[in-house]
Asks: 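Structure in structure tokens, see below.
These values consider heavy atoms only, across backbone and side chains, with no hydrogens, waters or symmetry-generated copies. Convention: sequence-line order gives letters A, B, ...; per-chain numbering from 1. Please read all numbers here as calculations on a predicted model, not as lab measurements.
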Number of protein chains: 2
Amino acid sequence: MNIGAASEQSGLPVKTIRYYEDIGLVRPARSENGYREFLDSDLQRLKFLQRARSLGFSIEECRELLSLYEDRNRASADVREITKTKIKEVDRKIAELQSLKRVLSDLVKACHGDDRTDCPIIDDLSGGLDTAFEDRGKS
Amino acid sequence: MNIGAASEQSGLPVKTIRYYEDIGLVRPARSENGYREFLDSDLQRLKFLQRARSLGFSIEECRELLSLYEDRNRASADVREITKTKIKEVDRKIAELQSLKRVLSDLVKACHGDDRTDCPIIDDLSGGLDTAFEDRGKS
DNA sequence: TCTTGACCTTCCAGTGACTGGAGGTTCTAT
DNA sequence: ATAGAACCTCCAGTCACTGGAAGGTCAAGA
């Protein structure tokens, strides 16, 4: 099957599939006319990649998962560990965003939001060292 | 003050400050020796940027907020609107991550995690069209 | 047969927001 | 005088694509 069909079947953009070939995640054969020829096994890999990426695994993690996937002797525990690490990362990101949301919500609450030219949000951003918002500093 | 002091005062890395100058977010004067000379007003901008970036505003949003910040006539309502839009974005990201976490947790729960070579996580990633996880497809 | 248009190819450049490094100048302390 | 820190510019790399130019191939219709 050509790249267009592979794209449709896998849910990955054509450009992305070519990119994945570039970085060695998939190695489709070539037809005589130079077109990429995707076998079912290639399509499997692409679907795997689509799914894993949509679950937030990085390209390098996908590479690792793929090699576990191909390795008939890999332990289920290895895959489980990678996934658990990923869950912890997701948890961390959620917590960060929730704290961010809290600060932003406080700012909006404190802001009268009319056409006056004083604004607590701007005040906070421009120094605000003595406002109620304590958790400044980079994450 | 030199870039090193500005970095320390603002909490932004030296490289980042130079980058911000490149893209026109800050315009420090130059001393005779070619060194950047940061005035208090420059430092204000840098602190503003540090804070706004840490709150998840993009560079372009920071540019907008800065121009509102400089504009003595801007309405508080404008700033409030930008912030509210940002909160909605943060909410969306949190929801995405929570759904992602649910799927990953389900996978880990289903995975026996021993040294057997069958693994529900890999099974899910490699097609898994008839597993219990429904929300595949790109976000 | 010719043409149109869809699909395919490669290659180069850009995204966002930095970060790292090379190679060179200036300042400061000893 | 000299060592080392701090500064300078410029170029390249990061991540995971995405867009576009310029051109080759294929299938269908006139």
Asks: Return no unless some side-chain N or O of A:T16 is found under 4.0 Å from OP1 or OP2 of D:dA16.
Replies: no
Asks: Are B:I23 and B:F38 linked, directly or through other ILVMFWY residues, by side chains that come within less than 4.5 angstrom of each other?
Replies: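 Shared cluster, yes.
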Asks: What is the distance, to the nearest angstrom, from the CD atom on A:E21 to the C1' atom on C:dC11?
Replies: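 The answer, rounded to whole Å, is 14 Å.
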Asks: Please state how far atom CD in B:E32 lies from atom C1' in D:dC8, giving the value in whole angstrom units.
Replies: 16 Å
Asks: Does C:dT10 have OP1 or OP2 under 4.0 Å away from a side-chain N or O of A:R36?
Replies: yes
Asks: Measure the distance from CD on B:E37 to P on D:dA6 and round it to the nearest whole Å.
Replies: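 The distance from CD of B:E37 to P of D:dA6 comes to 17 Å, rounded to the nearest Å.
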Asks: Under 4.0 Å between a side-chain N or O of B:R18 and OP1 or OP2 of D:dT9?
Replies: no
Asks: For C:dC18, take OP1 and OP2 only and decide whether either is under 4.0 Å from a side-chain N or O of B:Y20.
Replies: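 Yes, because at least one side-chain N or O of B:Y20 sits under 4.0 Å from OP1 or OP2 of C:dC18.
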Asks: Restricting to non-hydrogen atoms, name the atom on B:G24 and the atom on B:R27 that form the minimum distance, rounded to 0.1 Å.
Replies: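 The pair with the smallest heavy-atom distance is O-NH2, 3.7 Å.
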Asks: Quick check for you: among C:dA17, D:dC7, D:dA16, whose closest atom lies nearest to any side-chain atom of B:I3?
Replies: D:dC7
Asks: At under 4.0 Å, does any side-chain N or O of B:S58 touch on OP1 or OP2 of C:dG16?
Replies: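 So the side-chain polar atoms of B:S58 never come under 4.0 Å of the phosphate oxygens OP1 or OP2 of C:dG16.
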Asks: Give a yes or no on whether B:K86 atom NZ has more than 12 heavy-atom contacts from other residues, nucleotides or ligands under 6.0 Å away.
Replies: yes
Asks: Measure from CD1 on A:I17 to C1' on D:dT18 and round the result to the nearest Å.
Replies: 14 Å
Asks: Given that A:K15 and B:Y19 both sit by DNA chain C, which one's nearest nucleotide is further toward the 5' end?
Replies: A:K15
Asks: Among the candidates C:dC8, D:dC8, D:dC17, find the nucleotide nearest to the side-chain atoms of B:Y35.
Replies: D:dC8
Asks: Is the shortest side-chain N/O distance from B:R30 to OP1 or OP2 of D:dT9 below 4.0 Å?
Replies: yes
Asks: Side-chain N or O of A:N33 less than 4.0 angstrom from OP1 or OP2 on D:dC26?
Replies: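 Yes, A:N33 has a side-chain N/O under 4.0 Å of OP1/OP2 on D:dC26.
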Asks: Which heavy atom of A:L49 sits nearest to which heavy atom of A:C62, and what is that distance?
Replies: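 Looks like CD2-CB, 3.7 Å.
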Asks: Calculate the interatomic distance between B:E61 atom CD and C:dA17 atom C1'; express it in whole Å.
Replies: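 Distance, rounded to whole Å: 14 Å.
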